[in-house]
Protein chains: 2
Amino acid sequence: MDPRLDLVFAALADPTRRAILTMLLEDDMAVTDVAEPFAMSLAAISKHLAILSRAGLISQEKRGRVKWCKLEPEALRDASIWMQAFGQFEAVDLDAFERFLEHEIRE
Amino acid sequence: MDPRLDLVFAALADPTRRAILTMLLEDDMAVTDVAEPFAMSLAAISKHLAILSRAGLISQEKRGRVKWCKLEPEALRDASIWMQAFGQFEAVDLDAFERFLEHEIRE
DNA sequence: GTTTTCGTCAACCAGACGGTTGAATATGCC
DNA sequence: GGCATATTCAACCGTCTGGTTGACGAAAAC
């Protein structure tokens, strides 16, 4: 069993981390800016980012005293392929998908 | 944030549980038969199955003294849709998928 | 060169996880 | 009825998780 899948799925299992990924979909962000909308300490967000980073879902690059976080969507590829085995999903319903994304961002 | 996604991704984060799902892809199975190939107690497998069940990834139906486990691939649908947001994946590489499945079965 | 800002580290906490063992509960068989 | 089979329950254990706070180091600002 691919242990990288363990890390990716475990990283995705937390709503805070999924929200962070959604934010990074817009643009790269500094750690402090990532933390801003959440009602938890900077240290907690820093840990979440470390978990996302270990899973390969984001990369972090320090420029000056600011650490920039960048989405790395390729890491989701293996996980996505794995899931195809079970779904035999028909092509994704794009309307439902748009509704879903709106819902996701609102939360 | 959709808490059902928490359960689905957390369930997928464990290699034993992903192996169980792969087995159930073949056919429905009784709990004892699910447990057979694993080097751990029946009680442990029973717990794993409960987690998969809570996540909606399988259903369990008791017939007589045997409890049958059935894959419920629809539960993966929302999770799969969520992941599409980040990948902008081109159509799944079926060759890579075949190789992956072979690798999966060998383990 | 002092002070502020950015981010991590360390220690701690409560709770969940993944496993064990042993007892308990059904159901089926003779 | 009495025994074997299938599965879960209960208690326990060590480890990981998700959060806190406070101290710390490095870069920037003034």
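In what follows, every heavy atom counts, from backbone to side chain, and hydrogens, waters and symmetry copies are set aside. Everything numeric here is computed off the predicted structure, so don't read it as measured data. Convention: sequence-line order gives letters A, B, ...; per-chain numbering from 1.
- The distance between atom CH2 of B:Trp68 and atom C1' of D:dA6, rounded to the nearest whole Å, is 12 Å.
- Under the 4.5 Å side-chain criterion, counting only non-hydrogen atoms from C-beta, A:Leu12 is in contact with A:Leu76.
- At the heavy-atom level, A:Ala50 lies nowhere under 4.0 Å from the strands shown.
- Atom NZ in A:Lys67 sits roughly 12 Å away from atom C1' in D:dA26 (whole-Å rounding).
- One finds no side-chain N or O of A:Arg63 lying less than 4.0 angstrom from the OP1 or OP2 phosphate oxygen of C:dC6.
- Side chains of B:Ser53 and B:Glu72 form no contact here, defined as non-hydrogen atoms less than 4.5 Å apart.
- In this structure, A:Leu42 places its CG atom 15 Å from P of D:dG22, rounding to the nearest Å.
- Remark on DNA chain D: of its neighbouring residues A:Arg65 and A:Lys47, the 5'-side contact belongs to A:Lys47, judged by nearest-heavy-atom nucleotide.
- With distances taken from any side-chain atom of A:Ala44 to the nucleotides D:dT20, C:dG19, D:dA6, the minimum falls on D:dT20.
- Counting heavy atoms from C-beta outward, A:Asp28 and A:Cys69 have side chains that stay 4.5 Å or more apart.
- As a whole-Å value, the separation of A:Phe38 CZ from D:dT20 P is 13 Å.
- Rounded to an integer number of Å, the gap from B:Phe9 CZ to D:dG18 P is 15 Å.
- When each of D:dT8, C:dG7, C:dG19 is scored by its nearest atom to the side-chain atoms of A:Thr32, the top-ranked nucleotide is C:dG7.
- Here the nucleotide nearest the side chain of B:Ala30, chosen from D:dT7, C:dC29, C:dC6, is D:dT7.
- Look at A:Ser41 and you won't find any side-chain N or O under 4.0 angstrom from OP1 or OP2 of D:dG19.
- Within a heavy-atom distance below 4.0 Å of DNA chain C, no residue of residues 51-59 of chain A is found.
- Between B:Arg63 and B:Trp68, some side-chain heavy-atom pair lies under the 4.5 Å cut-off.
- Closest contact between the side chain of A:Gln60 and the listed nucleotides D:dT8, C:dT8, D:dA6 involves C:dT8.
- Between B:Asp6 atom CG and C:dA16 atom P the separation is 14 Å, expressed in whole Å.
- Using a 4.5 Å heavy-atom threshold, the side chains of A:Ile20 and A:Leu52 count as touching.
- Proximity of B:Leu71 to B:Leu57: side-chain heavy atoms (C-beta onward) are nowhere separated by under 4.5 Å.
- You'll find that the side chain of B:Asp14 is closest to C:dG18, out of C:dT8, D:dG19, C:dG18.
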B:Lys70/B:Met29 under side-chain contact (heavy atoms from CB on, under 4.5 Å): CA gap, chis, key distance, verdict: CA-CA 7 Å; B:Lys70 183 177 181 303; B:Met29 297 179 79; over 6 Å; no
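- If you measure from atom NZ of A:Lys62 to atom C1' of C:dG7, you get 6 Å, rounded to the nearest angstrom.
- The interatomic distance linking B:Ile45 (CD1) with D:dT8 (C1') rounds to 14 Å, in whole Å.
- Out of D:dT8, D:dA6, D:dG22, the shortest distance to the side chain of B:Ser46 is found at D:dT8.
- Side-chain contact between A:Phe9 and B:Arg17: absent, with no pair of heavy atoms (C-beta onward) separated by less than 4.5 Å.
- Which of C:dG18, D:dG18, C:dG7 sits closest to the side chain of A:His48 comes down to D:dG18.
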